[in-house]
Protein chains: 2
Amino acid sequence: MAIDTAAAKQQVLDAADALFYERGVQAVGMDAIRTASGVSLKRLYQLFPSKDVLIEAYLDRRNILWETMLNEHVEAKTDPRDRILAVFDFLYDWSQQRDYRGCAFINAFGELGSVSPRVAELALQHKEGFRQALIGLAKAAGAEDPDRLADHLILLSEGAITRSAISGGSDPALRAREAASLILDASLRH
Amino acid sequence: MAIDTAAAKQQVLDAADALFYERGVQAVGMDAIRTASGVSLKRLYQLFPSKDVLIEAYLDRRNILWETMLNEHVEAKTDPRDRILAVFDFLYDWSQQRDYRGCAFINAFGELGSVSPRVAELALQHKEGFRQALIGLAKAAGAEDPDRLADHLILLSEGAITRSAISGGSDPALRAREAASLILDASLRH
DNA sequence: CAGTGCGGAGAACGTACGTTCTCCGCATCT
DNA sequence: AGATGCGGAGAACGTACGTTCTCCGCACTG
């Protein structure tokens, strides 16, 4: 029973994730999620008692998935400088997915940030998590001012994420990597 | 008569701009715009025959306003390097407005980009206009590879715009300016 | 003064959505 | 076999929205 519930939750989240990310949160009705997940409406509501809860679960899942993918790219490298640049390799790979639509948190924030404090908070937490990860990488690379370097790298990353979404290619990630390299040259010089 | 129409259009656009930008496009009903603009629903529909048309007019207006504000900041400087950095001064001033909510085009794209080709196109055009402006500034500054430099600067700008929106302060613009300065050091070195 | 047409206020219509309710089959327990 | 309760399908309900329609007052024409 518990295992069925978990499996059903996963099915619903799979469907919700795909639909929310593709069309935006508000544009997707509970009925579309029901149809896509093959679960009954009653069951859907006992798994996620409201759309807000489902949205939150969707964002949680995106956050975890994002961190996982990022870590995989970073941990494939050993050299501290390469580990920083791996962030942009990740963004490149990500932006090449056919269903790529930018950052789910930025999109959700744009839709609901001013009306849903919870969504605004989750977006902030997601970005803060990314910031901490970059600070860690910057420290490991021996940056003089890791916070500052991390902020600079974040700006390039966010820029690449949204520009890829709007213009459709993966070039922005490549360009961001170049720019990051320039900034690393300047910030790791001792 | 024609002048009244123009004035009424302006009133409607003022109201629509404030509401769309603040709450997102889909969350604002025509009735809210009617109430805020003080115009009758009939008149509203004869000025803008559908919500889609109004959204388009809203984005057009944002684009013009944005370019105007950017140009004002850039033209206040004469030194080519300062003119590039003025872009970030503009972003700083903009992000300090109390109702600041990031880039209207990114927000609209997140909501409607996958369902409205027109919105996707307008977002792309807006970003492309920005890109061309930066290329011009980069050329004037004597950059070796103006396109590349412009792309790097765009990434920092977009990053600053969205990060300010989510975390709420103006720090990102300051940090973007610093990073831009580093990149200029590397790209204008001859 | 009677007639005419335009503009405003808001009711009305059709649709879509979030959420709840009804009905019914079916598996399980005695 | 009869009773019981859970799950599925989808109807139903209330609300909100985009858009259109109705009604009415009022300014202007003869």
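Residue numbers start from 1 in every chain, and the chains themselves are labelled A, B, ... in the order their sequence lines are given, proteins ahead of strands. Atom set for the values below is all heavy atoms of this structure, side chains included, hydrogens, waters and symmetry mates excluded.
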- Whole-Å distance, Lys51(A) NZ to dC17(C) P, equals 8 Å

- Which of parallel (below 30°), tilted (30 to 60°) and perpendicular (above 60°) describes His126(B) and Trp66(B)? perpendicular

- Item | Distance, rounded to the nearest Å, where Leu19(B) contributes CG and dC17(D) contributes P | 12 Å

- Task: Whole angstrom is fine here: how far is it from OH in Tyr45(A) over to P in dC21(C)?
- Result: 13 Å

- For nucleotides 9-16 of chain D, read 5' to 3', which letter fits each nucleotide if B means a protein heavy atom sits under 4.0 Å from the base, S means only the sugar-phosphate is that close, and - means neither? S-B-----

- Query: Is there a path of hydrophobic side-chain contacts, each under 4.5 Å between heavy atoms of I, L, V, M, F, W or Y residues, that connects Leu65(B) with Ile106(B)?
  - Reply: no

- Using a strict cut-off of less than 4.0 Å between a Lys/Arg side-chain nitrogen and an Asp/Glu carboxylate oxygen, indicate whether Asp151(A) and Arg148(A) qualify as a salt bridge. no

- Task: Whole angstrom is fine here: how far is it from CZ in Phe48(A) over to C1' in dG18(C)?
- Result: 16 Å

- What's the spacing between Trp94(A) CH2 and His73(A) NE2 if we round to 0.5 Å? 12.0 Å

- Task: Send over the distance from Leu44(A) CG to dT19(C) P, rounded to a whole Å.
- Result: 10 Å

- Query: Taking Phe88(A) as the fixed residue, which of Leu174(A), Asp93(A), Leu153(A) is the one that meets the side chain to side chain contact (heavy atoms under 4.5 Å, CB included) rule?
  - Reply: Leu153(A)

- Which whole-number value in Å describes the distance from Gln46(A) CD to dG7(D) C1'? 8 Å

- Whole-Å distance, Leu54(B) CG to dC17(D) C1', equals 15 Å

- Value in whole Å for how far the P atom of dG8(D) lies from CG of Asp31(A): 15 Å

- Spacing of CZ belonging to Arg34(A) relative to CG belonging to Leu44(A), to within rounding of 0.5 Å: 9.0 Å

